[in-house]
Amino acid sequence: MAISSRPVALVTGSTRGIGRQCAFWLAQAGFNVVINGRRSPDSMALQQQLVTELSQFGVEALACPGDVVEHEQHELMLDAIFDRWGRLDCLVNNAGTGAKQRGDMLEITPENYQYCMDVNAQAMFFLSQSVAKRMLQQGELDNQHRSIINITSCSASVLSISRAEYCVSKAAASMITQLLALRLAQENIGVYEIRPGIINTDMTKVVKPKYDQLIADGLVPMKRWGEPQDIAQVVLSLASGKLPFTVGQIIDVDGGLAKPHF
């Protein structure tokens, strides 16, 4: 099996929003990109469409459908990647979910709590574990920086009691990042956390009027919505090794939302 001369990045949840933009920015920078989404017909069609679109940048793309919550899917995805290219240099843990239902935290059900934890934290933990083992076996190729980049949320530290289970899951994802970063520091594998603020995606469409007003009133000091490409630009910088002497770096991409202010 020949090893690709191009670096390879896997972006989970990459059929829309932040993940889709990450795939585009990485492809434009010369990464072969692995697209991931669920195994539903609609999602698989979007994955194949994105594979075609990324070819315009002169790189290769591969669709690896699979629900990241299902741990047995992790090795299947990684086997497909290594069979194709013999390497993986960057994992972007982007797949995530919001709270199933906003409301009083005193009424949250165990099922809805576990749903957020499974998608936002447990899946990240075990996929990162599998990828880290592969990266260690692979070693550093062509002086290409190896990285695991976790997309969490400003809600990892900013409290929102109407979606408490979401905040808890993102705080857990943040701790996973720190632990993994420390474990892999001596191996020269960078592990980073990006905390988006209010980003203009399909997931936030339903609350857009509410946040339009809050942003206008000063909730976000920069007074605008974040866009998926705001996140993607930071992902590319991290994947390219632009912060080499950092461990578990947390980067707020939120227009100042998380800064204490009044």
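FYI, side chains are in, hydrogens and waters are out, and symmetry mates aren't considered; it's all heavy atoms of this structure. Position 1 is the first residue of the sequence; numbering continues from there.
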Working note: Asn93 + Ser128, criterion side-chain hydrogen bond (donor to acceptor under 3.5 Å, both in side chains); need CA distance, chi angles, decisive distance, verdict.
CA-CA 8 Å; Asn93 277 308; Ser128 297; 2.8 Å; yes
Output, in order, the C-alpha distance, side-chain angles, deciding distance and verdict of salt bridge (charged side-chain N to carboxylate O under 4.0 Å, His left out) for Glu193 and Arg195.
CA-CA 6 Å; Glu193 177 185 356; Arg195 292 183 178 176; 2.8 Å; yes
Chi angles and distances behind the salt bridge (charged side-chain N to carboxylate O under 4.0 Å, His left out) call for Arg20, Glu53
CA-CA 11 Å; Arg20 179 179 169 85; Glu53 291 179 17; 2.7 Å; yes
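The neighbour count for Met175 CE, taken as heavy atoms of other residues, nucleotides or ligands under 6.0 Å away, does not exceed 12. No more than 12 heavy atoms of other residues, nucleotides or ligands sit less than 6.0 Å from atom CZ of Arg38. The environment of CG in Leu159 is sparse: at most 12 heavy-atom neighbours from other residues, nucleotides or ligands sit within 6.0 Å. Counted within 6.0 Å of OH on Tyr113, heavy atoms from surrounding residues, nucleotides or ligands total 12 or fewer; the atom is thus considered open. At most 12 heavy atoms of other shown residues, nucleotides or ligands fall within 6.0 angstrom of atom CD1 in Ile161.
Screening Val247, Asn150, Val191, Ile250 for a side-chain contact (heavy atoms from CB on, under 4.5 Å) involving Gln178 leaves a single residue, Ile250.
To the nearest 0.5 Å, atoms CG (Leu127) and CD (Glu70) are separated by 13.0 Å. Going from atom CD of Gln249 over to atom OG1 of Thr177 covers 12.0 Å, rounded to the nearest 0.5 Å.
Counting only heavy atoms from C-beta outward, the side chains of Phe31 and Trp25 never approach each other to under 4.5 Å.
Residues satisfying the salt bridge (Lys or Arg N to Asp or Glu O under 4.0 Å) criterion with Glu60, sequence neighbours excluded, are Arg84.
Residues in residues 121-169 take part in these ring-ring contact (aromatic ring centres under 6.0 Å, His included) pairs, two or more places apart or across chains: His71-Phe126.
Of the N and O atoms on the side chains of Thr201 and Arg16, not one donor lies less than 3.5 Å from an acceptor on the other residue. Side chains of Gln47 and Thr15: no donor on one and acceptor on the other come within 3.5 Å. Under the 3.5 Å distance criterion, with hydrogens and angles disregarded, a donor-acceptor pair is assigned to the side chains of Tyr115 and Thr97.
A salt bridge is defined here as a Lys NZ or Arg NE, NH1 or NH2 lying under 4.0 Å from an Asp or Glu carboxylate O, and Asp89 with Arg6 fails to meet this definition.
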